[in-house]
Amino acid sequence: MSDTGVKVPLQRIDAYRWRIPQSYQPEMRVPGIVYADDVLIEQIRQDNSLQQVANVATLPGIVGYSLAMPDIHWGYGFPVGGVAATDVETGVVSPGGIGFDINCGVRLLATGLSYQEVKGKADRLADELFQHLPSGVGGKGMRSLSERELREVMVRGAAWAVEQGYGFPEDLEVTEEGGCLTGASPEAVSTTAIQRGVNQLGSLGAGNHFCEVQVVDYIYDEEAARALGLYKDQVVTTIHCGSRGFGHQIAEDYIRVAESKQKDFGFKLVDRQLACLPLRSDLGKSYLGAMACGANFAWANRQLLMHGVRQAFSRVFGRQARPAEMPLVYDVCHNIAKIEEYRINGELQRVCVHRKGATRAFPAGHPAVPEKYRAVGQPVLIPGDMGRYSFVLVGAPGSMEQSFGTTCHGAGRQRSRTAAKKAISSKDLMAQLEAKGIAVRVHSKGLLAEEAPLAYKDAEQVVRVVHNAGLARLVVRLRPIIVVKG
DNA sequence: ATGTGC
């Protein structure tokens, strides 16, 4: 990761908040706010992500602040872990502010099994999972689609998958947006994207995407854990995946067209990667329609993958793990833009919230929180790294007051892929994980080291910041026992 | 993240 040597000024607000003053760059329309403690802020200073927070603050129509969560790191235009809200009338949408993996997200599946029951069969379960979940770069998915079927997926998302027999209608009630963003327009999606998408539904991909079997290791909040159906020593499964090559192609197509139109729109941005489209322009509307197609593909994708997980558990545990007894706890997306309403300076304002590596965290009582969780808040799923911990939180009222209903999304990368590979070999990492009692199955062994725990910040430190800042509340900690990767 | 470069 490069360091320009330019020091972005930071003013401490309190133990968990830092301000980048608007005076730093004349083009900034709002200040920046960074959520971090003393240790994390030093790690964040190591790359260019603070400069990117300042750059995002120059976007036309940006409202309030350019925000950064404690897991931020350098990304395309926006930092990963960045949040920006733009006015729907005067503002823009920046495709790079959603990211290449449209609706990359996380779902958590409960089981009725305890660690004691799974322990002796972990290797067999790992084999079954690896077999049921197609993975790898460019890999084909569980289901090939005709173009007509892909169109249904683009418009209907996870509901299409449920109708096809992958999972249950109840799954949709605990999926963000019900597993379908409205306003999808397949005509705004290129034929190249469609060609890439038809073979990829129900596939894990590679990189930081994974399926992990985990144990509920520590309970921070008994009442909230009970409401989410989670208890100590329970075995659960996390799926982290997105829209594969399909969403990637949509992002690439619109980033390219946005870059070519900046002059026409009269924009002179400080970074060409921030290329953006007025929300009221035809191109802006086309991007949002295409982005919704990518998002819906990702929800259908995670729905198929979850079906594969339920099948794998059933194969190993029989009647002890019937699919209907493995309820979906929740599904969040952490790379997306949404039109939402917030009270800003006393007035209700409709804004386009860009969440790039950032998770929605609506508090108790919010109408978008499923009824069964309404009293505790929206579940927030935070995968850590494969060797340490992941976390479940619930949204807290502070998110509505401070961060456009948003919190962090993960541990956050601390070392580049190249630096990680230099620091440890895949073989040594595999041995380390096995020694910790974690069964690992990986499609491309060479890529494993890029995702080593040492490549990531400490997720526990990240979630402590958002907990203490009042954006979300800690509920449980999860410890990995099986890792399946692309 | 990614048919891992254009």
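In what follows, chains are A, B, ... by sequence order, proteins preceding strands, each numbered from 1.
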Task: A:E212, A:M326, A:Q214 screened by side-chain contact (heavy atoms from CB on, under 4.5 Å) with A:V236, the one that passes - done: A:Q214
TODO: Nearest whole angstrom, please: distance from the P of B:dT2 to the CG of A:N103.
DONE: 13 Å
TODO: Indicate, with a heavy-atom threshold strictly under 4.0 Å, whether A:E450 touches base, sugar-phosphate, or nothing.
DONE: nothing
TODO: Report which part of the nucleic acid A:T192 touches: base, sugar-phosphate, or nothing (heavy-atom distance under 4.0 Å, all strands).
DONE: base
- [ ] May I ask you to decide whether A:D37 forms a salt bridge with A:R17, counting only side-chain N to carboxylate O separations under 4.0 Å?
- [x] no
Task: Separation of B:dT4 C1' from A:K421 NZ (nearest whole Å) - done: 9 Å
Task: d(CZ, A:F297; C1', B:dT2) in whole Å - done: 13 Å
TODO: Provide, to the nearest angstrom, the distance between the NE2 atom belonging to A:H248 and the C1' atom belonging to B:dG5.
DONE: 12 Å
Open item on the list: So A:A251, base contact, sugar-phosphate only, or nothing? Heavy-atom distance under 4.0 Å.
Closed with: nothing
- [ ] Starting from P on B:dT2, measure out to CD on A:Q195 and report it in whole angstrom.
- [x] 19 Å
Open item on the list: Output the rounded distance in Å from CD (A:E252) to C1' (B:dT4).
Closed with: 12 Å
- [ ] Name the residue closer to the 5' end of DNA chain B, choosing between A:V137 and A:H240 according to the nucleotide with the nearest heavy atom.
- [x] A:H240
Open item on the list: Any non-hydrogen side-chain atom of A:Q461 less than 4.5 Å from a side-chain atom of A:L40?
Closed with: yes
Open item on the list: What is the separation between atom OH on A:Y254 and atom P on B:dT2, rounded to the nearest whole Å?
Closed with: 21 Å
Open item on the list: What verdict does the side-chain contact (heavy atoms from CB on, under 4.5 Å) test give for A:M69 and A:T359, after you've listed the backbone C-alpha separation in whole Å, the side-chain angles of each residue and the deciding distance to 0.1 Å?
Closed with: CA-CA 10 Å; A:M69 294 299 141; A:T359 313; over 6 Å; no
Task: Integer-rounded Å distance: B:dT4 P and A:Q249 CD - done: 12 Å
